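Because the structure is predicted, anything quoted here is derived from the model rather than measured.
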Amino acid sequence: MNKSPLQESFLRELAENFVATQRRITSRLAKSPGLDAAERDKIIRDELRGLYHGVLVIFDGGTALADQGLIQIVDEDGLTFDRFLHEVGFSYWPPGDSV
């Protein structure tokens, strides 16, 4: 049984981000049926980059979830990850893959 009152809200917000991304991808592709493979790939990469950023923002306390409390990522040794992952995270995103 979970001990954190934030778990349910966190998982709900995380799921909503993925569902919203799926809907945007579907919508963007449906609005432009004549796209070639490269253009479709660009849309998907753009949306996945946004999803990556959005998930990190949740951890950084940049969403309404922060009104209930902050989430921390802690490794097995009890060491916490940095805050502002949504900013430093893009240094790990593949170069040239931003749109």
Side-chain angles (χ1 to χ4, degrees):
M1 189 70 180
N2 108 60
K3 296 178 184 175
S4 174
L6 296 176
Q7 180 174 306
E8 185 177 335
S9 296
F10 167 75
L11 292 173
R12 183 176 295 114
E13 188 163 330
L14 189 63
E16 288 170 358
N17 269 270
F18 278 81
V19 170
T21 299
Q22 178 203 0
R23 287 182 180 148
R24 281 192 309 275
I25 290 170
T26 301
S27 174
R28 289 177 68 182
L29 292 175
K31 288 178 183 174
S32 302
L35 295 177
D36 65 22
E39 292 167 323
R40 287 190 306 271
D41 184 58
K42 184 177 180 181
I43 288 172
I44 293 168
R45 284 184 292 116
D46 177 51
E47 289 295 339
L48 290 178
R49 187 175 193 270
L51 177 61
Y52 175 72
H53 179 260
V55 168
L56 295 177
V57 168
I58 292 171
F59 282 112
D60 287 341
T63 68
L65 179 62
D67 294 339
Q68 299 174 47
L70 295 176
I71 304 288
Q72 280 190 321
I73 302 175
V74 180
D75 72 15
E76 63 185 74
D77 295 323
L79 301 172
T80 59
F81 281 36
D82 290 330
R83 285 281 176 206
F84 307 109
L85 290 175
H86 72 282
E87 293 177 9
V88 299
F90 281 116
S91 63
Y92 297 92
W93 195 258
D97 202 32
S98 61
V99 288

Nearest-0.5 Å distance, [atom1] of residue [X] to [atom2] of residue [Y]:
X     : Y     : atom1 : atom2 : value
Phe18 : Leu51 : CZ    : CG    : 4.5 Å
Leu29 : Ile43 : CG    : CD1   : 5.0 Å
Asp41 : Leu48 : CG    : CG    : 9.5 Å
Thr63 : Ile58 : OG1   : CD1   : 5.5 Å
Asp60 : Glu87 : CG    : CD    : 7.5 Å

| message | Tell me the closest heavy-atom pair linking Gly89 and Leu56, and the distance in Å. | response | CA-CD1, 4.1 Å

| Residue pair Gly61 / Ala66: nearest heavy atoms and the distance that separates them |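 What the structure gives for the nearest pair is O-CB, 3.3 Å.
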
| query | Does Tyr52 have any ring-ring contact (aromatic ring centres under 6.0 Å, His included) partners at least two apart in sequence or in another chain, and if so, which? | reply | Phe90, Trp93

| field | Residues in ring-ring contact (aromatic ring centres under 6.0 Å, His included) contact with His86, at least two apart in sequence or another chain | value | His53

| said: Strictly by ring pair (Phe, Tyr, Trp, His ring centres under 6.0 Å), give each pair with a member in residues 19-41 just once, sequence neighbours left out. | reply: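 For residues 19-41: none.
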
Output side-chain donor-acceptor pairs under 3.5 Å for residues 76-83, partner residues at least two apart or in another chain, one line each.
from	atom 1	to	atom 2	distance (Å)
Arg83	NH1	Phe59	O	2.5
Arg83	NH1	Ile71	O	3.0
Arg83	NH2	Ile71	O	3.1

Same apolar cluster: [X] and [Y], side chain cutoff 4.5 Å:
X     : Y     : result
Ile73 : Leu65 : yes
Tyr92 : Val55 : yes
Phe84 : Val57 : no
Leu14 : Leu70 : no

| said: Is any side-chain heavy atom of Arg24 closer than 4.5 Å to one of Thr21? | reply: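 In short, these two side chains touch, coming nearer than 4.5 Å.
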
| Selection residues 6-21 - residue pairs positive for salt bridge (Lys or Arg N to Asp or Glu O under 4.0 Å), sequence neighbours left out | Glu8-Arg12

| message | Filter on side-chain hydrogen bond (donor to acceptor under 3.5 Å, both in side chains), then keep only pairs touching residues 31-40, sequence neighbours left out; what's left? | response |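 Every candidate side-chain hydrogen bond (donor to acceptor under 3.5 Å, both in side chains) pair involving residues 31-40 fails, so no pair, neighbours aside, qualifies.
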
